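I have placed the structure first, in the form of structure tokens, so that the comments after it can refer back to it.
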Protein chains: 2
Amino acid sequence: MKKINLKDYAENFVDIYNDIQETFPKAVLHQAFICKFSSNEYIVRFDEDIQYLFLLLDGRAKIYIVHENGKRALIQFLKKDEFIGELSLIEMEKNIKDVVAINDCACLAVPLVSSKEHLLNDNLFLHNFSKYLGDKLLKRTDHYTDMQDYEFKNRLAKYILQIEHDECFQKKHTETAEYVGGSYRHLLYTLNQFHEDGLLEKKGRKYFIINKEKLERLSSKKD
Amino acid sequence: MKKINLKDYAENFVDIYNDIQETFPKAVLHQAFICKFSSNEYIVRFDEDIQYLFLLLDGRAKIYIVHENGKRALIQFLKKDEFIGELSLIEMEKNIKDVVAINDCACLAVPLVSSKEHLLNDNLFLHNFSKYLGDKLLKRTDHYTDMQDYEFKNRLAKYILQIEHDECFQKKHTETAEYVGGSYRHLLYTLNQFHEDGLLEKKGRKYFIINKEKLERLSSKKD
DNA sequence: ACCTCAATATGAGATATCTCCTATTATTAT
DNA sequence: ATAATAATAGGAGATATCTCATATTGAGGT
């Protein structure tokens with residue numbers, strides 16, 4: 001993790017800095033700085049107290065929840081403009097999540113101890129914040145109800161369509177399995193199934209969608 | 001559904017009315033009234049626009065999410081002091097949930113059209129509201145990660161322990177199955193299993209916990 | 001260049017869970 | 001009260017998904 005002065009950062013990323021200014025009151029920004037995390041680095045660690053409210057400015061990250069039985073579940077991907085550690089702002093109990101950078105990430109870091117009071121009295125911030133929480137609630141609910149009501153193959157189809165770029169799907173299988181909610185073994189089995197059913201074509205380690213329509217039907221139907 | 005004047009209600013339920021006054025600004029309460037719903041009545045219906053922000057004052061209700069494939073999933077139970085329709089306050093898209101009264105319910109109804117602006121500018125309300133959303137987010141995440149990482153029998157054990165009163169568990173099986181996330185058939189099978197394993201005793205339509213310790217172990221372990 | 005660890009691949013067998021069917025009881029509505 | 005509907009109960013068979021074992025390939029570190 002590398003700290004960078006906010007002003008230095010602002011000079012190079014004017015647009016992003018403008019956005020930040022709209023989200024946070026000036027007094028709070030005075031206390032803030034930039035954190036850079038490299039790929040696979042932990043941004044927040046299970047069981048450790050959260051000192052900062054992070055706003056993801058660049059890069060992608062993933063949230064794991066850590067269970068009592070030691071197992072982890074990948075519950076959400078984070079991208080630009082999403083918060084990390086935001087629940088500490090409203091006095092939630094222990095942190096039970098790991099947040100890990102997927103690629104190199106830049107975050108705005110706001111020290112909670114000195115800025116909490118200030119943020120909670122800023123109506124504009126609170127309004128945006130509520131909106132953000134509501135949105136996150138919906139997204140997470142969606143994700144999980146999908147888990148519950150659709151089978152693995154349906155969920156996988158949906159996921160591939162979400163992730164795909166130019167008909168191409170390439171993502172670490174371990175990560176896919178964790179997010180879609182199944183075992184690695186079963187993921188492989190299902191990918192082969194998709195191949196046999198003429199949905200995907202495999203080239204090296206990439207998969208290409210060759211029947212998008214069918215994949216879409218599979219993603220939303222039970223059949 | 002039966003509407004009641006807020007003042008009439010206030011006379012009979014002084015304590016509750018005091019709580020309400022702490023949650024909502026006066027100007028907003030002027031527009032509000034009380035709604036009574038009877039058991040099994042729909043408080044909010046899938047696909048219909050939400051006109052009111054409800055605060056549950058008495059009774060219990062349940063939230064279903066309605067899927068594209070027509071299936072419903074019971075995702076949360078609501079009790080006193082929980083909001084209904086709160087996401088409309090922050091401009092969420094279509095309503096995809098049914099909310100159904102479990103027993104007779106009394107709700108405070110705040111008309112969104114006239115009060116929205118007001119609420120979103122009230123710092124105390126916003127603060128409470130953020131907290132509420134954060135809490136709901138955590139609860140729901142917990143519920144669902146349980147779903148994903150534990151088997152039906154573990155989830156059922158946990159649920160029984162949550163619901164149980166005086167070692168007695170009685171709840172509609174249909175509802176239990178929907179919430180715990182399994183088929184009715186499998187619930188029956190698992191309850192019999194619990195009986196054979198000396199965890200529960202069945203008397204008529206009630207189940208009694210006869211080995212709580214073992215049930216607790218089952219609820220949090222994978223074994 | 002070599003070693004190590006993570007990721008990819010696949011087989012075989014076990015089991016958790018589902019679907020469909022059919023009765024028997026409660027509850028609710030007419 | 002009687003019909004209609006929902007809840008309880010369990011049988012039989014299918015399958016979605018898991019666990020464990022093992023081999024190969026790729027990437028990062030020294």
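Quick note on labels: first sequence line is chain A, next is B, and so on, each numbered from 1. Since we're looking at a predicted model, the values are computed, not measured.
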task: Rounded to the nearest angstrom, tell me the gap between atom CD in B:Q193 and atom C1' in D:dG10.
output: 14 Å
query: Where the side chain of A:R185 is concerned, which of C:dT10, C:dA16, D:dT17 is the nearest nucleotide?
result: C:dT10
message: Tell me whether the count of non-hydrogen atoms from other residues, nucleotides or ligands lying under 6.0 Å of NZ in A:K80 goes above 12.
response: yes
Among C:dA7, D:dG10, D:dT17, the one nearest A:T174 by side-chain distance: C:dA7
- request: Establish, with yes or no, whether the OP1 or OP2 oxygen of C:dT8 is under 4.0 angstrom from a side-chain nitrogen or oxygen of A:Y184.
  value: yes
- prompt: When the distance from CG of A:N154 to P of D:dT17 is rounded to whole Å, what number comes out?
  reply: 8 Å
field: Candidate pair A:Y132 and A:E86, rule side-chain contact (heavy atoms from CB on, under 4.5 Å), full reasoning
entry: CA-CA 10 Å; A:Y132 174 79; A:E86 78 281 357; 4.1 Å; yes
query: In whole Å, what is the span from the CD atom of A:E151 to the P atom of C:dA16?
result: 18 Å
message: What is the distance, to the nearest angstrom, from the CG atom on A:L187 to the P atom on C:dA9?
response: 10 Å
- line: Rounded to whole Å, the CG-P distance (A:L188 to D:dT22) equals 18 Å
Nearest atoms (heavy-atom pairs only) where B:F33 meets B:I4: CB-O, 3.6 Å
field: Contact under 4.0 Å: B:K172 side-chain N or O vs C:dA26 OP1/OP2
entry: no
query: Closer than 4.0 Å, any side-chain N/O of A:N192 to the OP1 or OP2 of C:dT10?
result: yes
message: With a cut-off of less than 4.0 Å, is there a side-chain N or O of B:K153 near OP1 or OP2 of C:dT17?
response: no
Value in whole Å for how far the C1' atom of D:dA27 lies from NE2 of A:H173: 17 Å
query: Rounded to the Å, how far apart are A:N40 CG and D:dA27 C1'?
result: 12 Å
query: Nearest-Å distance, CZ (B:R205) to C1' (C:dT27)?
result: 10 Å
task: State, with a plain yes or no, whether a side-chain heavy atom of A:N211 is found less than 4.5 Å away from one of A:L200.
output: no
- prompt: Cation over ring, B:R155 on B:F152, under 6.0 Å and within 45°?
  reply: no
